[in-house]
Amino acid sequence: MQQRKLQGQRHLPPYLDTFKMLCGGKKSYFAGAVCIITLTSMVMFSYLRLQRHIHLPKIVEEGSRCRGETANSTITPLKDNRTFIISPYFDDREDKVIRVIGIVHHEDVKELYCWFCCQPHGKTYVSKAKIDVHSDRFGFPYGAADIVCLEPENCDPTHVSIHQSPHGDIDQLSRFEIKNRKAEAFSADFTVCISAMFGNYNNVLQFVQSMEMYKILGAQKVVIYKNNCSQMMEKVLKFYLEEGTVEVIPWPINSYLKVSTKWRFMQDGKDIGYYGQITALNDCIYRNMQRSRFVVLSDADEIILPLKHSDWKTMMSSLQEQNPGTGVFLFENHIFPETITTPMFNISSWNTVPGINILQHVHREPDRKEVINPKKMIVDPRKVIQTSVHSVLHAYGTSVDVPMDVALIYHCRVPLQSNLPRESLIRDTTLWRYNSSLIMNVNKVLYQTVLETQK
């Protein structure tokens, strides 16, 4: 009997041996509490070690030629038609991981695996992914997701494949190039991310005015996730592409999912909200993480206007000095109704261009006590893990609300308080500080694109 008892003891997990040694026998209530906390910590530590072991890359094949076809589309569906891959990014801010930006069905997608083919020896590794569906789905069945895998040691893979199973043939899987592998010098101080241009977008005049304001304020690059737009808008985009200001990311999300123009599921019951805007914004942050000092998350009808500074660079320098360690700066949105105009800056040649002339809209709606104005952001992309539209979900460092006397978002659109008379609005001509440069720059673009026949 004694021998069997000893054998049973030897098969206890190590942390239970330790627990029995520390907590065996009669103890006080305090000692009992300490023992319970100790056991809980040991179990948790053991669980975390087990979870990490599950996600460690494992060799499944040697001698592979790494011949899978490289995916070239912005959105690539997997065979389950419940998972859509946007792009993988190398992320070593904590562990060395590959963070794949994607779209998944929040219930149906249970397991995914990263397949790595490591050169020159051709070893194939498979790593179980952690699937982190972003919390801001707003009730839609599909949402933005981070598909995160530990990468193999001593490999530095250039491509990764995503599969629903740890079994298969890597040469039959689509390969995705891993971006951000090499650190590079910043090519821009400010990059503006405009997500989801859709609905045969044709607000040409306001778009050009916004673009030129972004450039005046300090942006070197504007990234546009384009679903569709008008032919006239295509001409304008072609001009900015050739100028080097714009990068257009094709965004054919409606080829794969039933897309909503709303932001809440209960409004129309489609697959994903607002043309997958949140996924596009997250991809834009990672796409520009190594390239841009700051990323501006904005819509094409919004401009972050400094009130105390002349441009974004001096404004952000001041804000960073006042808020060390902050990576996210939130600016309050203010509506300048397109229904209220001023006769100033009625430029005749612009009247033939479809869209709004923002210089004629300088009356903003007053704040409402019961309503919190939404915000948009300027972020240090290297401090952001996940973002939503009006705030970040996970980040390193802190977020700061920028006071309205420092800057506000000029947002010219249909009114939210349409019942207000003109005299109840607040006249705000901050935009006019830039009128001379803006008019000259807008004329230059229009006469090289949509007004070229009038030269």
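The first residue in the sequence is number 1, and the count goes up from there.
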* Asked: Are any of the side-chain nitrogens in Arg82 or Asp108 under 4.0 Å away from the carboxylate oxygens of its partner?
  -> yes

* To do: Answer yes or no: is there a side-chain heavy-atom contact under 4.5 Å between Leu205 and Val450?
  => no

* Any chance CD of Glu69 has more than 12 other-residue heavy atoms, nucleotides or ligands included, within less than 6.0 Å? -> no

* Salt-bridge present (Asp428, Arg364; N to O < 4.0 Å) -> yes

* Sub-4.5 Å side-chain heavy-atom contact between Gln320 and Thr326 -> no

* If you count the non-hydrogen atoms of other residues, nucleotides and ligands that lie under 6.0 Å from OH in Tyr274, is the total more than 12? -> no

* Asked: Are the side chains of Ile340 and Leu425 in touch, meaning some heavy atoms are under 4.5 Å apart?
  -> yes

* **Under 3.5 Å donor-acceptor, Gln417 side chain and Pro366 backbone** => yes

* Do any N or O atoms from the side chain of Arg382 and from the backbone of Arg293 form a donor-acceptor pair under 3.5 angstrom? -> yes

* For Val328 against Ala395, the heavy-atom pair lying closest together -> CG2-CB, 4.5 Å

* Asked: Between Lys313 and Asp311, is the closest basic N to carboxylate O distance under 4.0 Å?
  -> no

* **Cation-aromatic face contact Arg99/Tyr89, 6.0 Å, 45 degrees** => no

* Asked: Quick one: are Glu151 and Pro157 in side-chain contact, heavy atoms under 4.5 Å?
  -> yes

* Would you say the side chain of Pro354 lies within less than 4.5 Å of the side chain of Met232, judging by non-hydrogen atoms? -> yes

* Asked: Between the side chains of Gln386 and Asp132, does any donor sit under 3.5 Å from an acceptor?
  -> yes

* Asked: At their closest point, which heavy atom of Tyr214 faces which heavy atom of Trp312, and how far apart are they?
  -> CD2-CH2, 3.8 Å

* To do: Taking atom types as modelled, find out whether Lys179 and Ser87 have a side-chain donor-acceptor pair closer than 3.5 angstrom.
  => yes

* salt_bridge(Glu234, Lys238) N-O dist < 4.0 Å -> no

* If only atom types and distance count, is the side chain of Asn228 paired as donor or acceptor with the main-chain N or O of Gly199 below 3.5 Å? -> yes

* Where Met197 and Cys229 come nearest, the two heavy atoms and their spacing -> SD-CB, 3.9 Å

* Verify whether the ring centers belonging to Trp432 and Phe345 lie closer than 6.0 Å. => yes

* **Close side-chain approach of Leu330 and Ser399, heavy atoms under 4.5 Å** => yes

* More than 12 non-hydrogen atoms from neighbouring residues, nucleotides or ligands closer than 6.0 Å to CD on Gln231, yes or no? -> no

* Under 4.5 Å between any side-chain heavy atoms of Thr387 and Met377, yes or no? -> yes

* To do: Look at the aromatic rings of Phe84 and Tyr256 and report parallel, tilted or perpendicular, splitting at 30° and 60°.
  => tilted

* Structure fact -> The reported gap from OH in Tyr434 to CD1 in Ile216 (rounded to nearest 0.5 angstrom) is 8.5 Å

* To do: With sequence neighbours excluded, tell me which residues meet side chain to side chain donor-acceptor pair (under 3.5 Å) with Ser174.
  => none

* Can you check whether Phe329's main-chain N or O pairs, donor with acceptor, with Lys375's side chain at less than 3.5 Å? -> no

* Heavy-atom distance under 4.5 Å between the side chains of His361 and Leu431, does that happen here? -> no

* Asked: Would you say Ser210's side chain and Gln206's backbone share a donor-acceptor pair under 3.5 angstrom?
  -> yes

* To do: Assess whether atom NZ of Lys262 is packed by more than 12 heavy atoms of other residues, nucleotides or ligands within 6.0 Å.
  => no

* To do: Take Cys149 and Val100 through the test side-chain contact (heavy atoms from CB on, under 4.5 Å) and record every step on the way to the result.
  => CA-CA 8 Å; Cys149 290; Val100 183; over 6 Å; no

* Using the ring of each side chain (for Trp, its six-membered ring), is Phe294 parallel, tilted or perpendicular to Phe190, with breaks at 30° and 60°? -> parallel

* Short question: side chain of Asn282, backbone of Ile278 - any donor-acceptor pair under 3.5 Å? -> yes

* To do: May I ask you to decide whether Lys128 forms a salt bridge with Glu111, counting only side-chain N to carboxylate O separations under 4.0 Å?
  => yes

* Asked: For the residue pair Tyr447 and Ser349, what are the closest heavy atoms and their distance?
  -> OH-CB, 3.4 Å

* So, Thr449 side chain and Lys235 main chain: donor-acceptor pair closer than 3.5 Å or not? -> no

* To do: Enter the distance from Asp80:CG to His105:NE2 here, rounded to the nearest 0.5 Å.
  => 11.0 Å

* Should we count CZ of Arg264 as having more than 12 external heavy atoms under 6.0 Å? -> no

* Asked: Quick one: ring-ring contact (aromatic ring centres under 6.0 Å, His included) pairs with a partner in residues 225-255, sequence neighbours left out?
  -> Tyr225-Trp251

* Check against side-chain contact (heavy atoms from CB on, under 4.5 Å), Tyr201 and Leu237 -> CA-CA 12 Å; Tyr201 184 89; Leu237 289 177; over 6 Å; no

* In Å and rounded to the nearest 0.5 Å, what is the CG to CG distance from Asn227 to Asn200? -> 10.5 Å

* To do: To the nearest 0.5 angstrom, please state how far the CD atom of Glu212 sits from the CG atom of Asn441.
  => 5.0 Å

* Asked: Out of Leu297, Val296, Val192, which residue meets the side-chain contact (heavy atoms from CB on, under 4.5 Å) rule with Ile378?
  -> Val296

* Asked: Would Arg368 and Leu416 count as a side-chain contact (heavy atoms from CB on, under 4.5 Å) if you check the C-alpha gap in whole Å, the side-chain angles of each, and the deciding distance to 0.1 Å?
  -> CA-CA 11 Å; Arg368 293 168 286 176; Leu416 292 183; 3.9 Å; yes

* Asked: Leu217 and Ile303: side-chain contact (heavy atoms from CB on, under 4.5 Å), yes or no, with the steps?
  -> CA-CA 9 Å; Leu217 291 168; Ile303 301 165; 3.8 Å; yes

* Polar side-chain atom of Asp91 near backbone of Arg93 as donor-acceptor pair, under 3.5 Å -> yes

* Asked: Has the side chain of Tyr286 got a donor or acceptor atom that lies under 3.5 Å from a matching backbone atom of Pro381?
  -> no

* **Rounded distance (nearest 0.5 Å) linking atom CZ of Arg291 with atom CG of Asn288** => 4.5 Å

* **Arg422 side-chain N/O to Thr341 backbone N/O, donor-acceptor pair under 3.5 Å** => yes

* Do you know the tightest heavy-atom contact between Gly143 and Arg137? -> CA-CG, 3.9 Å

* Rounded to the nearest 0.5 Å, what's the gap from CG on Asp367 to CG on Asn373? Could you check? => 4.5 Å

* Heavy-atom pair with the smallest gap, counting every atom of Asn180 and Phe90 -> O-CD2, 3.6 Å

